[in-house]
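Every chain is numbered from 1, with letters handed out A, B, ... down the list of sequences.
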2 protein chains.
Amino acid sequence: MRLSTKGQYAVRAMVDLAYYSKDKPVTLQEIADREEISINYLEQLFAKLRRNRIVSSVRGPGGGYLLANRADKISIGDIIDAVEESLTPVACAEGDVGCGRIDKCVTFKLWKGLGDRIKDFLSSITVQDLCDDAGRMFKDQDIKTGSRKCAA
Amino acid sequence: MRLSTKGQYAVRAMVDLAYYSKDKPVTLQEIADREEISINYLEQLFAKLRRNRIVSSVRGPGGGYLLANRADKISIGDIIDAVEESLTPVACAEGDVGCGRIDKCVTFKLWKGLGDRIKDFLSSITVQDLCDDAGRMFKDQDIKTGSRKCAA
DNA sequence: CATAATCCGACTATTTTTGTCAAGTATTTT
DNA sequence: AAAATACTTGACAAAAATAGTCGGATTATG
Ligand code: FES
Ligand code: FES
């Protein structure tokens with residue numbers, strides 16, 4: 001039940017972005033430096049985030065990324081959803097219907113329930129919440145939301 | 001955030017076992033046939049389950065596996081714990097302490113919270129619960145807790 | 001135009017997962 | 001004691017997922 005680094009990095013990058021993009025776009029390079037994540041890898045993640053309208057991009061010099069919404073309107077669940085395939089613990093409990101045989105499936109309810117708990121929890125926490133934490137933790141220093149080794 | 005098939009299969013096998021082992025041991029071959037899981041793979045899983053005292057084994061002709069406790073004392077969390085390494089979403093939120101730098105880690109609380117929710121939920125459901133469901137679903141037919149393709 | 005930035009797609013190395021296989025050990029029945 | 005049954009162990013391997021890289025195209029600025 002591990003979250004892939006895709007999801008972990010995306011959350012960290014989003015918190016970083018929210019923290020530093022008061023008005024101007026933030027470049028991936030900056031985020032990559034602060035968070036010690038490969039810029040090429042970040043590109044992949046932000047491409048997905050952009051396609052899912054979590055962030056918007058500005059091309060050219062002075063460009064970068066911006067939040068597409070207010071930080072308190074973006075939940076962690078939104079981010080994970082955008083970069084991972086799924087938060088569902090098993091494949092055939094995807095969506096509400098599951099695979100064709102759920103009326104004969106003893107475990108469907110179990111995995112569906114678990115998936116719902118996970119989604120509920122991650123939807124209840126917003127980027128703003130983590131930003132506030134970060135502000136308290138780092139005061140005037142540069143923030144860094146996790147460490148490369150810990151990947152959290 | 002997918003559960004590996006190890007965990008999924010182990011849960012299914014345990015429900016099957018609980019359902020059929022009223023007093024006599026159940027052989028892996030039977031479970032493998034009913035649940036369409038490779039017997040060799042099941043052996044690996046049951047070895048771990050036995051080491052964690054989730055099941056006990058009886059050797060020799062007429063032997064097989066038995067639950068080591070009452071079905072309503074075995075939670076799904078116990079099973080997953082026995083065969084998977086961990087239910088923690090990220091590596092350094094393992095345990096309560098996390099890695100060395102949690103006082104500077106913006107995301108620790110988040111992942112810790114998620115892991116706790118997952119554990120709580122899976123601990124709240126027992127093998128007996130699923131057995132009851134199975135009984136209702138299958139009445140007098142042989143049960144089959146999931147399908148090989150769906151792996152749930 | 002030169003430069004700074006995003007955007008796009010293909011590619012690869014590593015690790016994890018998901019099994020399989022074979023030889024051996026223990027137990028009970030006959 | 002022999003045979004049958006079943007568990008034990010450890011090595012091995014194919015396949016999938018993950019993590020990360022690379023080269024180049026596109027767009028906007030100055
Ligand atoms: S707890 Fe280790 S970096 Fe967050
Ligand atoms: S929902 Fe598909 S086998 Fe359970």
Side-chain angles (χ1 to χ4, degrees), chain A residues 1-10 12-13 17 21 24-33 35-66 68 80 83-86 89-91 146 148-152, chain B residues 1-10 12-13 17 21 24-33 35-52 54-66 68 80 83-86 89-91 148-152:
Chain A
M1 284 296 272
R2 283 278 153 78
L3 209 62
S4 71
T5 59
K6 269 217 255 315
Q8 300 174 36
Y9 286 177
R12 287 174 49 199
L17 172 58
S21 75
K24 288 186 216 306
V26 178
T27 69
L28 283 191
Q29 189 63 62
E30 283 182 64
I31 299 177
D33 288 347
E35 301 294 337
E36 294 179 83
I37 300 172
S38 140
I39 185 169
N40 310 75
Y41 200 36
L42 271 185
E43 275 181 5
Q44 286 184 30
L45 303 180
F46 273 79
K48 293 185 182 184
L49 291 171
R50 194 180 57 86
R51 271 180 239 126
N52 287 76
R53 324 261 163 146
I54 309 284
V55 300
S56 58
S57 60
V58 179
R59 301 179 75 149
Y65 286 95
L66 289 164
I80 308 274
V83 298
E84 307 252 335
E85 295 70 50
S86 161
V90 302
R148 185 179 184 83
K149 284 200 182 141
C150 278
Chain B
M1 282 298 273
R2 283 278 152 80
L3 209 60
S4 71
T5 60
K6 269 218 252 318
Q8 300 175 35
Y9 286 177
R12 288 175 48 198
L17 172 58
S21 74
K24 289 187 215 306
V26 177
T27 69
L28 282 193
Q29 189 62 62
E30 284 182 65
I31 299 178
D33 288 348
E35 301 293 338
E36 295 180 82
I37 299 172
S38 142
I39 185 167
N40 311 75
Y41 201 35
L42 270 185
E43 277 177 2
Q44 287 183 29
L45 302 180
F46 273 78
K48 292 185 183 183
L49 291 171
R50 195 180 57 84
R51 269 181 241 125
N52 286 77
I54 310 283
V55 300
S56 59
S57 59
V58 179
R59 307 174 77 140
Y65 285 96
L66 289 164
I80 308 272
V83 298
E84 307 251 335
E85 295 70 49
S86 160
V90 302
R148 184 176 183 84
K149 286 202 180 140
C150 277

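- With hydrogens and angles left out, the side-chain atoms of A/Gln29 and A/Asp33 include a donor and acceptor closer than 3.5 Å.
- The nearest whole Å value for the distance from the CG atom in A/Leu17 to the P atom in C/dA5 is 15 Å.
- Between the CZ atom of A/Phe46 and the CD1 atom of A/Ile31 there is a distance of 4.0 Å, given to the nearest 0.5 Å.
- Scanning both residues, A/Arg2 and B/Val90, for their nearest heavy atoms gives NE-C, 3.6 Å.
- Note on A/Tyr41: every side-chain N or O is 4.0 Å or more away from OP1 and OP2 of D/dC22.
- Rounded to whole Å, atom P of C/dA5 lies 9 Å from atom CD1 of A/Ile39.
- Here the P atom of nucleotide D/dC7 and the CG atom of B/Leu49 are 13 Å apart, to the nearest Å.
- Regarding contacts with the backbone of C/dT6, every side-chain N or O of A/Ser57 stays at 4.0 angstrom or more from both OP1 and OP2.
- The backbone N or O of B/Glu35 lies less than 3.5 Å from a partner atom in the side chain of B/Arg12, making a donor-acceptor pair.
- The side chain of B/Ser38 contributes no N or O atom lying less than 4.0 Å from OP1 or OP2 of C/dT18.
- Residue-to-nucleotide contacts include no donor-acceptor pair under 3.5 Å from the side chain of B/Glu43 to the base of D/dC7.
- Protein atom CZ of B/Arg2 is 15 Å distant from nucleotide atom C1' of D/dT18, rounded to whole Å.
- Side-chain N/O atoms of A/Thr27 include none lying less than 4.0 angstrom from OP1 or OP2 on C/dA5.
- Remark: A/Tyr9 is not in phosphate contact with D/dA19, judged by side-chain N or O atoms under 4.0 Å from OP1 or OP2.
- If you find the closest nucleotide of DNA chain C to B/Gln44 and to A/Arg59, the one lying nearer the 5' end belongs to A/Arg59.
- A side-chain donor-acceptor contact under 3.5 Å links A/Thr27 to the backbone of A/Glu30.
- If you run side chain to side chain contact (heavy atoms under 4.5 Å, CB included) between B/Leu49 and each of B/Val83, B/Leu17, B/Leu42, only B/Val83 comes through.
- What separates CG of A/Leu42 from C1' of D/dG20 is a distance of 11 Å, to the nearest Å.
- Computed from coordinates, the B/Lys6 NZ to D/dA16 P distance equals 17 Å when rounded to whole Å.
- Between B/Lys48 atom NZ and D/dG10 atom C1' the separation is 13 Å, expressed in whole Å.
- Taking only side-chain nitrogens and oxygens, B/Ser4 never comes nearer than 4.0 Å to OP1 or OP2 of C/dT16.
- With C/dT6, D/dT8, D/dA28 as the candidates, the nucleotide lying closest to the side chain of A/Leu28 is C/dT6.
- Summary of the strand contacts: A/Arg50 and A/Gly60 both lie near DNA chain C, and taking for each the nucleotide with the nearest heavy atom, the more 5' one is attributed to A/Gly60.
- Between B/Phe46 and A/Pro61, it is B/Phe46 whose nearest contact on DNA chain D lies nearer the 5' terminus.
- The interatomic distance linking B/Arg51 (CZ) with D/dC7 (P) rounds to 15 Å, in whole Å.
- When heavy atoms are screened at a 4.0 angstrom cut-off, B/Tyr65 is found touching the sugar-phosphate backbone but no base atom.
- Comparing C/dT18, C/dT27, D/dC22 by their nearest atom to the side chain of A/Asn40 picks out D/dC22.
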